[in-house]
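Hydrogens, waters and symmetry mates play no part in the numbers below; they use all other heavy atoms, side chains included.
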Amino acid sequence: MEAVSYSLCRVWMLFLLFCVGQERQIAPPGLVQSSCHSRIFWMKLNKLLLQGKFFQLEINDPYAGPVLLDDKLASRCGYVLSEDVWGNPVFRASVLGCHVANEADELFSLTVNIKISSFASMRAAVTYTYPMYCSYSSWASREIVCEENYMEVSVKTDVPAVSNDYTVAWMSALPETQNVAYQVWQLMFVSPSGRKRILVSDAARLGYSFNNTLSRVYLRAPYHSNESEISVVGGVDMNMITSTSMYRQRWLLLLIDMTVSCPLDGTSFTDTTLTWTVPSVIPTLVLQESTFFSKTILMGVDGQHIVNPDRNNYLLEHNKTHIEITIPIGAEGGKLKSSVCGGVYGIIYSIDLFLEHTWTDADWQTTKYTVIKSITTPFMPQIPTVINNTLPEEKIFNVAFGHFLPDVSLVAITIGNVPFTLREAQRHGYNIYETPFSNGTKEFILEVSFDDPYILKEYVNRNETKYTLLVNYTISVGPEMIPYYHSAEVECVIADIEIPEAIGYCDEENLYLVIPVFGLHQYWNLYLGTKLLNRHTALTNGYLATTNATHLILQIPLFAVGVIYEEVSLQKIKARFDVALRKVRTMETLQTFSVSCNFNSPEFILCYPDGTVIISAQMKTVPGIDMSRTQLRDSSCKPKDYNKGHAFFKFHVTTCGTSVRFEGDHIVYENEISYEKETLPGQSQPTITRDPDYRLTVLCYYRAKETVMLGAFISKPSASHPSGSGTVVPRSNSAVHRRIRQALNVVSRVSKSESFMDFYEPNVAILKRPTEPVFLEVELKDESPDAELYLDNCWVTGSLDFNSTPRWNITVDGCEINGSEYVAEFCSVAASSRVRHPSHFKRLAVRTLTHRLEQVYVHCSVAVCSAANTLPGVPCRGQCSPSTERNAFPGHSSAHLQGYVLAGPVWIVEPDLR
């Protein structure tokens, strides 16, 4: 009767299960993969079929119905829910886990309900029922599983059948069994804090799972429980639980060692590999190490045993103390993932490993030790590279940006400062594509024409253009689509510019330069010396500039500013005009265009920047005169050359009686060409003296504020006088006399001693020791006895240039000053056979305090006080007097009664060089 009732009960339960199954569906193909490895159910869901969906797993208990899987249940019941390295959901369950149907410890089955919904609340969910089966009969005496979230130890044992017999004698023989409850399993934990004995029901509340099957007893524990401790074995942190299970029946006390120890980490990393280390011998699991014998060591990846690790470049090594698995970063079976950390692009490598170690020892016949480990490397920065594959002759930038994993996408670029989406970039004419590689990586190729308006172009070197591509990449990284930005500057230099060549020629009065206009003002400019040659400069200097579609034509008059006179004689002028071609940005001179010609000019005056004056003068008198008898103010200054109608003079403005004065911002040097008077015989007495009222006044104008003065000008007076200009003015004797009266005729000379009796000849080198003074004498060439000469301001320089620097003042407003470099002292002047009027002379002793210059020039500005330019009854006040008194005579500030003298050079040499 009982058998019939039992059969009816089974039929009813099957009917209920059938009815419930009608509400569930079979999982669609490809959604689930399952297998059984190392007595563990493995189930993997396809993430592609779950995209945009939510899912839950339920464990279908054959008696209690579905049980929702959560973290607390998972660690206690032997379940793991995680993801593999590819992002697929993975479910693992121990065959000794909760709700697993167990048939004789050999056949195991587990049914899982997969609930999928489009809503986070899981409403309207579709449920797929998926049964899994596992056959496992080769149990070891002890098996330990170290999972991600739990530790499990199972021991093979035969528990005797329960008996009603009770013998007091046995109890008295073993009094310690009084503490063990009758026919109840208990657990005793040993930890540093002491011993703890608990019932199985209490263990479940603490997160443990303890049970027995037909032939085994097992304990499942979470990591880091209160009863666990951390120990270090061979440098690896181990989580250990020391426990003993106890069971008593008549004449029997069953004590089973349920100690378990699992590695917590043991991973290490280099730039190219990861290494997982597990101790070979764990002391708490092998009490008699001398009897330990390692039988087999197997490794696996993603739940699959690897028979030949070398084929995948895996390295499995072991010795007496450690087992090491070394995996190359990026090896097959794992996954590389792109990531961004702190604005830096990099990769992370993950791999799911497991290790099976089987050993024997004296206490246990066989122990099978299984560790399942998911390993992820730390973030490894991988700075992308930008490679310039540009072929200059194609004039198209070809830039490779990589290498990247497949989970990286290029979403936008910025060229210069202009952003483009990929579609906009393609429409603009940029070519963007991917290049894959055999190792699974890829790079992005960008092609941009050199002629693109956002390409920077710069003229460099002599005839090259530097093209610069400024690009900023925006990429999307990983499934999280993290943005990453990378900027690059790519350059290409091409010799694609032709340096222009100029053509020069001349006519009777002008020089011409014909210059191509290509690149003018874009790449280079024309310079006259240091001045930019533009239209304003050309007009100011008297050039005529015309242009056509291809060339600039410059017409330069012979006596225009900027003309260089290479050879000047009575017969010809060899003139040259130079224009420098310079880069716009760097001012580097690339080319000098020159035109040089010979000219025949009858009359001219050239005023050189160094003070040299060259004159070709024509004396227009009737009757004509002998040009060899012409002279300058100093009668010793004769023409260098002459012919019937012309005289050729060359002299310096500090010689030949040249006078100097200031007119506004100009220094004016003046001399006069005249001739010796000639007595002609008459037909009767007295003799006839010929003195035609015709002379030539020579004037050179220099700008006082310009240290470089260019060119010379034809001998025609003009209203304005550019620097370095000259004129030759014919005048009568009376006019010349009046002109001379308005200019100071002063000369300077250097005395050999303080006696001022013996002087150095012109053009003779003057050598002085550093301690020897320089004796300077300045003389006013004037017949007026009441005129008095004053040295107004005097200074020392290393150049004959009026405005050269540095300069050291030695007199200011007519008074000596004590400088740190040079000092001056006025010397008295007494009348003598040479000095007729002492007021016409001034003498100065200049001493060197520090040897700063090897070549010394002394400059002085002078003034004259006379009855003609002072107020009635106001006498001249002397060389150094109060400024109010010195300014009382108007001539002191009058440009017509001021002058300038220069002495030098004086060479300051050491005594052994003199």
Chemist: Show your reasoning for whether side chain to side chain donor-acceptor pair (under 3.5 Å) applies to Y136 and E143.
Modeler: CA-CA 13 Å; Y136 188 75; E143 294 204 5; 2.7 Å; yes
Chemist: Grab the two heavy atoms, one from G334 and one from V85, that are nearest each other, plus how far apart they are.
Modeler: C-CG2, 4.2 Å
Chemist: Among residues two or more places apart or on two chains, list those pairs meeting disulfide (SG to SG under 2.5 Å) that have a residue in residues 271-345.
Modeler: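 Residue pairs passing disulfide (SG to SG under 2.5 Å), neighbours aside: none found.
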Chemist: Measuring from atom CG of L68 to atom CG of D70, what distance do you get when rounded to the nearest 0.5 angstrom?
Modeler: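 Here the rounded value is 6.0 Å.
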Chemist: With sequence neighbours excluded, give me every disulfide (SG to SG under 2.5 Å) pair touching residues 269-300.
Modeler: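 Disulfide (SG to SG under 2.5 Å) check on residues 269-300 returns no pairs.
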Chemist: Give a yes or no on whether the backbone of L48 and the side-chain of N46 come within a donor-acceptor separation of less than 3.5 Å.
Modeler: yes
Chemist: Take Y484 and V344 through the test side-chain contact (heavy atoms from CB on, under 4.5 Å) and record every step on the way to the result.
Modeler: CA-CA 8 Å; Y484 171 74; V344 178; 5.6 Å; no
Chemist: Does the distance from a Lys or Arg side-chain N to an Asp or Glu carboxylate O, for E480 and K337, drop under 4.0 Å?
Modeler: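 Yes, this pair counts.
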Chemist: Between the main-chain N or O of M258 and the side-chain N or O of S243, is there a donor-acceptor pair closer than 3.5 Å?
Modeler: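 At least one qualifying donor-acceptor pair exists.
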Chemist: To the nearest 0.5 Å, tell me how far N149 CG sits from Y223 OH.
Modeler: 8.0 Å
Chemist: How would you list all residue pairs meeting ring-ring contact (aromatic ring centres under 6.0 Å, His included) that involve residues 293-312, not counting sequence neighbours?
Modeler: H305-F354
Chemist: Apply side-chain contact (heavy atoms from CB on, under 4.5 Å) to the pair I26 and T129, showing each step before the final yes or no.
Modeler: CA-CA 6 Å; I26 302 299; T129 299; 6.0 Å; no
Chemist: With a 3.5 Å distance limit and no angle check, can you tell me whether D361 reaches the backbone of W364 through a side-chain donor-acceptor pair?
Modeler: yes
Chemist: Enumerate the side chain to side chain donor-acceptor pair (under 3.5 Å) contacts for residues 233-242, please, sequence neighbours excluded, ordered by first and then second residue.
Modeler: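 Qualifying pairs, neighbours excluded: S228-N239.
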Chemist: Is there side-chain contact between Y218 and F210, with at least one heavy-atom pair below 4.5 Å?
Modeler: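 Not touching, per the 4.5 Å side-chain cut-off.
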Chemist: Can you tell me how far OG1 of T366 sits from CZ of R142, rounded to the nearest 0.5 angstrom?
Modeler: 10.5 Å
Chemist: Would you say the side-chain atoms of K53 and S118 include a donor-acceptor pair closer than 3.5 Å?
Modeler: yes
Chemist: Could you please spell out the steps behind the side-chain contact (heavy atoms from CB on, under 4.5 Å) verdict for I241 and M151?
Modeler: CA-CA 9 Å; I241 294 179; M151 302 181 291; 3.8 Å; yes
Chemist: Would you say S338 and Y345 are linked by a side-chain donor-acceptor pair, where the criterion is simply a distance under 3.5 Å?
Modeler: yes
Chemist: Can you list every salt bridge (Lys or Arg N to Asp or Glu O under 4.0 Å) pair that touches residues 111-132, not counting sequence neighbours?
Modeler: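 As it turns out, the salt bridge (Lys or Arg N to Asp or Glu O under 4.0 Å) pairs with a partner in residues 111-132, which skip direct neighbours, are E58-K115.
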Chemist: Going by side chain to side chain donor-acceptor pair (under 3.5 Å), name the residues that satisfy it together with E103, two or more places apart in sequence or in a different chain.
Modeler: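 Checked E103 against side chain to side chain donor-acceptor pair (under 3.5 Å); zero matches.
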Chemist: If we ignore hydrogens and angles and just use 3.5 Å, is the side chain of T291 paired with the main-chain N or O of A362 as donor and acceptor?
Modeler: yes
Chemist: Look up atom CG in N308 and atom CD1 in I306, then write down how far apart they are to the nearest 0.5 Å.
Modeler: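 So the gap between those two atoms works out to 9.5 Å.
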Chemist: Would you please say whether a donor-acceptor pair under 3.5 Å links the side chains of T213 and D105?
Modeler: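 Per modelled atom types, T213 and D105 side chains form a pair under 3.5 Å.
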Chemist: Kindly list each side-chain donor-acceptor pair under 3.5 angstrom involving residues 87-94, sequence neighbours excluded, with atom names and distances?
Modeler:
from	atom 1	to	atom 2	distance (Å)
N88	OD1	K47	N	3.0
N88	ND2	D84	OD2	3.2
R92	NE	E147	OE2	2.6
R92	NH2	E147	OE1	2.9
R92	NH2	E147	OE2	3.4
R92	NH2	E148	OE2	3.2
S94	OG	R39	NH1	3.4
S94	OG	L96	N	3.1
S94	OG	E152	OE1	3.1
S94	OG	E152	OE2	3.0

Chemist: Side chains of T358 and Y369: is there a donor and an acceptor less than 3.5 Å apart?
Modeler: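 Absent: no donor and acceptor within the cut-off.
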Chemist: If you look at every heavy atom in L69 and L73, which pair is closest and at what distance?
Modeler: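 Minimum heavy-atom contact is CA-CD2, 4.1 Å.
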Chemist: Looking at residues at least two apart in the chain, or sitting in another chain, which of them share a side-chain contact (heavy atoms from CB on, under 4.5 Å) with M481?
Modeler: S476
Chemist: Is there a donor-acceptor pair under 3.5 Å between the side chain of Y349 and the backbone N or O of A331?
Modeler: yes
Chemist: Can you name the nearest heavy-atom pair linking D302 to W42, along with the distance?
Modeler: C-CZ3, 4.4 Å
Chemist: Supply the atom-to-atom distance N113 CG to I59 CD1, rounded to the nearest 0.5 angstrom.
Modeler: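 The distance works out to 8.5 Å.
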Chemist: Can you run down the disulfide (SG to SG under 2.5 Å) pairs that involve residues 54-96, sequence neighbours left out, and say none if there aren't any?
Modeler: C77-C98
Chemist: Please tell me whether D352 and S374 have a donor and an acceptor in their side chains that are separated by less than 3.5 angstrom.
Modeler: yes
Chemist: Using modelled atom types only, decide if a donor and an acceptor are shared between the side chain of H322 and the backbone of S280 within a distance under 3.5 Å.
Modeler: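 No: the side chain of H322 does not pair with the backbone of S280.
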Chemist: Can you find a heavy atom in the side chain of I432 that is under 4.5 Å from one in the side chain of L410?
Modeler: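 Yes. Closest side-chain heavy atoms under 4.5 Å.
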Chemist: Would you check if Y128 and L31 make a side-chain contact, meaning some heavy-atom pair closer than 4.5 Å?
Modeler: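 Yes - at least one pair of side-chain heavy atoms lies under 4.5 Å apart.
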Chemist: Take L355 and L298 through the test side-chain contact (heavy atoms from CB on, under 4.5 Å) and record every step on the way to the result.
Modeler: CA-CA 6 Å; L355 174 70; L298 300 175; over 6 Å; no
Chemist: Counting the benzene-type ring for Trp, do Y208 and F189 have ring centres under 6.0 Å apart?
Modeler: yes
Chemist: Is there a donor-acceptor pair closer than 3.5 Å between any side-chain N or O of K373 and the backbone N or O of C146?
Modeler: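 Answer holds: no.
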Chemist: So for atom CD, which belongs to Q33, do other residues, nucleotides or ligands contribute more than 12 heavy atoms lying within a distance under 6.0 Å?
Modeler: no
Chemist: Classify the ring geometry between F444 and F401 as parallel (under 30°), tilted (30 to 60°) or perpendicular (over 60°).
Modeler: tilted
Chemist: Sequence neighbours excluded, which residues qualify as salt bridge (charged side-chain N to carboxylate O under 4.0 Å, His left out) partners of K196?
Modeler: E227
Chemist: Could you tell me which residues satisfy side chain to side chain donor-acceptor pair (under 3.5 Å) with N319, sequence neighbours excluded, listed by chain and number?
Modeler: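 Per chain and number, N319 pairs via side chain to side chain donor-acceptor pair (under 3.5 Å) with T321.
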Chemist: Measuring from I351:CD1 to L336:CG, what's the distance to the nearest 0.5 Å?
Modeler: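 Between I351 CD1 and L336 CG, I get 10.0 Å after rounding to 0.5 Å.
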Chemist: Of the non-hydrogen atoms in C36 and Y133, which two are nearest, and what is the gap between them?
Modeler: CB-O, 4.1 Å
Chemist: Report yes or no: does H37 contribute a side-chain atom to a donor-acceptor pair with the main-chain N or O of G303 at less than 3.5 Å?
Modeler: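 Indeed, once roles are kept as given, a pair shorter than 3.5 Å links the two residues.
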Chemist: Which residues pass the side chain to side chain donor-acceptor pair (under 3.5 Å) test with S294, sequence neighbours left out?
Modeler: H357
Chemist: Checking the side chain of N439 only, and the main-chain atoms of T441 only, is there a donor and an acceptor separated by less than 3.5 Å?
Modeler: yes
Chemist: Kindly indicate whether the side chain of M380, heavy atoms from C-beta on, has any atom under 4.5 Å from the side chain of I329.
Modeler: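 Sidechains of I329 and M380: in contact.
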Chemist: Is there side-chain contact between N60 and V67, with at least one heavy-atom pair below 4.5 Å?
Modeler: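 Heavy-atom side-chain distance check fails, nothing below 4.5 Å.
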Chemist: Compute whether any side-chain donor of one residue and acceptor of the other, for R76 and S209, lie under 3.5 angstrom apart.
Modeler: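 No - no donor-acceptor pair under 3.5 Å links their side chains.
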Chemist: At their closest point, which heavy atom of V217 faces which heavy atom of W185, and how far apart are they?
Modeler: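 Where V217 meets W185 most closely, the heavy atoms are CG2-CH2, 3.9 Å.
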